[in-house]
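The basis for the numbers below is simple: all heavy atoms, side chains too, and nothing from hydrogens, waters or symmetry mates. In what follows, chains carry the letters A, B, and so on, assigned in the order in which the sequence lines appear, proteins first and then strands, with residues in each chain numbered from 1.
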Amino acid sequence: MAKPAPSVMDKVVSLCKRRGFVFPASEIYGGQGSTYDWGPLGVELKKRVKEAWWEAMVYSRQDIVGLDSAIIQSPKVWQASGHVGGFSDPLIDNKTSKQRYRADHLVEAKIEKYRKKGKTDKVAALESKLVAAIGDNDALKQLILDEGIKDPVSGTDDWTDVRQFNLMFQTQVGAVEGSASIAYLRPETAQGIFINFNNVVTSTRKKLPFGIAQIGKSFRNEITPGNFVFRTREFEQMEMEFFCRPEEADEWYKYWQQERYQWYLDLGINPDKLRMREHAKDELAHYARGCGDVEYLFPFGWSELEGIANRSNYDLTKHSECSGQNLSYFDQEANEHITPFVIEPAAGCDRTAMTFLADAYDEEGEGKQKRVVLHFHPRIAPVTVAIFPLVKKEGMPEKAAEIEQELRRHFRTAIEENQSIGRRYRRQDEIGTPFCVTVDGDTLSDGSVTLRERDSMAQERVKIEDLREIMDAKSAAWSRPSTPQEAAVSG
RNA sequence: GCGGCCGUAGCUCAGCUGGUAGAGCACCACCUUGCCAAGGUGGAUGUCGUGAGUUCGAAUCUCAUCGGCCGCUCCA
């Protein structure tokens, strides 16, 4: 493949490091692959993404409450959820074709062949052999060799040994070694919600339908991380489990798909690059009745930002069975126990922040006139307003500092007095600051300043005491510039 | 793990027919400044990923090693 042209992502990655959004992790020690640290601006961006999500999911409604469960739970949680058994893949490589496969999938494909040929006895025999071999890598490889399974690409049986790939990070709890002290870093926040179902119901007296929201780090030992912060082994999730009556699940499923899709649009994501994609039946996880992804068109293709799934009553049922606790809901009117269905919107915080960066990135003009600007929604911009003295004399710096002190109480602020005014405007554009306030000679006599908008570059003269109200109003009314050209001339 | 690409200043990169480093932008100081990447003067910054070899001499050639990025079953 030819070397690809520098994409928006390359430019965003570079900007992220230069301006302090995202740094490669462990850099002074040579780096740690696919691991990133969020810098001073990045942490603000992420924080505001999480605030916007929490606002939409918890504060603006009466039917959802929050939770912050532990990262390290009992290993039994992950046995019940199926992660211990199912979140671990046996991998095998073909030395000739260099292709990598799931070893158990190769055997399953063979079973499928037998089934199509109607050899039911062989199907049954091999199925039981596969079940016996699961978890035993040597046995699994032997089974592949015994069955004469060939690589579909190379046609050879030149296989490597089977190696287990655990998707969950293991750790030890306590000083005592041994299997009893093995624990896992959670691979999703959702299970922490399910296991607290009874606690939340009894402590909040919530009635169906209701939801529990949670934001937190999760860990997956991804085989293939990559695409900047899109897929990393440590990541932050924003998940909400919405519990409802089974007969209402389809309705809520559609509701949450619309609701979550709209959330991205409300925060200014380009509608042309956002879509809702319904999973095909064979894509669905074993517990899911339906799943739709909110996808964004990155330079590397359509990729999932958030999955909205109908998890049925799978999780509550499993945890009831495995724990011996009754995780059902008692409906007082109908006088019956029901195990609610769950609709789960599960979003990735890091990839959402990355989406805002990539989607907001814009270059206007050419050469010396080129303007790099991040068209962030004012609600998620790391800095809301920057204050400048027009020149560094006649008391302007002091006046600017005074205004900054006042605005600091209500907005994320920045103050700069170095270099020319134009350069300072452009620097703030590059980090997506929606407003700039400039103090000049008239400010000292009549208390007015110039308010300059990032997207249109339009300026207006306003009173210092009106700044807050005007910026709030403009923020509330903000909409994304539909094209770069329009943004450039609309002032 | 396999394949491809790549490690030179904060960022983007040039230098790779061997002579111990450059550009643009960024940064710092001073002067200038009067609303969109202004100008002037001066300045700091690199053990050229690491180690070894060849050589009088290596960023450049050889070998090794470490690391990163992009693909290949996984998903937020």
ask   = Can a side chain N or O of Tyr36(A) be found less than 4.0 Å away from OP1 or OP2 on rC69(B)?
value = yes

key: Between rG42(B) and rG57(B) - P atom distance, rounded Å   = 38 Å

request  = Please confirm whether any donor atom in the side chain of Gln459(A) sits under 3.5 Å from an acceptor in the base of rC35(B), or the reverse.
outcome  = yes

ask   = Aromatic ring centroids of Trp252(A) and Phe242(A) under 6.0 Å?
value = yes

query = What distance, rounded to whole Å, do you find between the two C1' atoms, one in rG22(B) and one in rC48(B)?
reply = 12 Å

ask   = What pairs with Lys254(A) under side-chain hydrogen bond (donor to acceptor under 3.5 Å, both in side chains), at least two apart in sequence or on another chain?
value = none

key: Pairwise P distance for rC25(B) and rC70(B), with rounding to whole Å   = 30 Å

key: side-chain hydrogen bond (donor to acceptor under 3.5 Å, both in side chains) against Glu51(A), all qualifying residues, sequence neighbours excluded   = none

key: Which residues share a side-chain hydrogen bond (donor to acceptor under 3.5 Å, both in side chains) with Gln262(A), sequence neighbours left out   = Asp266(A)

ask   = Contact class for Phe388(A) (heavy atom, under 4.0 Å): base, sugar-phosphate, or nothing?
value = nothing

task = Using the P atom as the reference point in each nucleotide, state the distance between rC5(B) and rG10(B) in Å, no decimals.
result = 27 Å

message = Ring centroids only, cut at 6.0 angstrom: are Phe411(A) and Phe435(A) within range, meaning strictly under it?
response = no

inquiry  = I want to confirm an ordering. Mapping Val372(A) and Asp442(A) to their closest nucleotides on RNA chain B, which one lands closer to the 5' end?
reply    = Asp442(A)

Return all side-chain donor-acceptor pairs below 3.5 angstrom for residues 33-45 of chain A, not counting sequence neighbours, or 'none' if the list is empty.
from, atom 1, to, atom 2, distance (Å)
Thr35(A), OG1, Gln32(A), O, 3.3
Thr35(A), OG1, Gly33(A), O, 3.0
Trp38(A), NE1, Asp350(A), OD2, 3.3

inquiry  = Taking donor-acceptor contacts at under 3.5 Å, does the side chain of Thr450(A) reach the base of rC35(B)?
reply    = yes

inquiry  = Using atom C1' in both nucleotides, what's the gap between rA37(B) and rC27(B) to the nearest angstrom?
reply    = 15 Å

request  = For rC69(B) and rU8(B), measure between their P atoms and round to the nearest Å.
outcome  = 14 Å

remark   = Each nucleotide of nucleotides 26-32 of chain B classed B (base within 4.0 Å of a protein heavy atom), S (only sugar-phosphate) or -, in 5' to 3' order, makes SSS----

ask   = When you measure from the side chain of Arg452(A), which nucleotide among rC36(B), rG34(B), rA38(B) comes out closest?
value = rC36(B)

inquiry  = Using atom P in both nucleotides, what's the gap between rA9(B) and rG49(B) to the nearest angstrom?
reply    = 8 Å

request  = Could you check whether Phe23(A) gets within reach of a base, just the sugar-phosphate, or nothing at all, counting any heavy atom under 4.0 Å?
outcome  = nothing

key: Listed nucleotide nearest any side-chain atom of Tyr425(A), set rG34(B), rC36(B), rC11(B)   = rC36(B)

note = Among the nucleotides rC75(B), rA38(B), rG34(B), whichever has the atom closest to the side chain of Lys393(A) is rG34(B)

query = Can you list every salt bridge (charged side-chain N to carboxylate O under 4.0 Å, His left out) pair that touches residues 13-23 of chain A, not counting sequence neighbours?
reply = Lys17(A)-Glu27(A), Arg18(A)-Glu430(A), Arg19(A)-Glu430(A)

ask   = Rounding to the closest angstrom, what is the interatomic distance between rC28(B) and rG68(B) at atom P?
value = 32 Å

query = Which part of the nucleic acid, if any, lies within contact of Gln32(A), taking any heavy atom under 4.0 Å across all strands shown: a base, the sugar-phosphate backbone alone, or nothing?
reply = sugar-phosphate

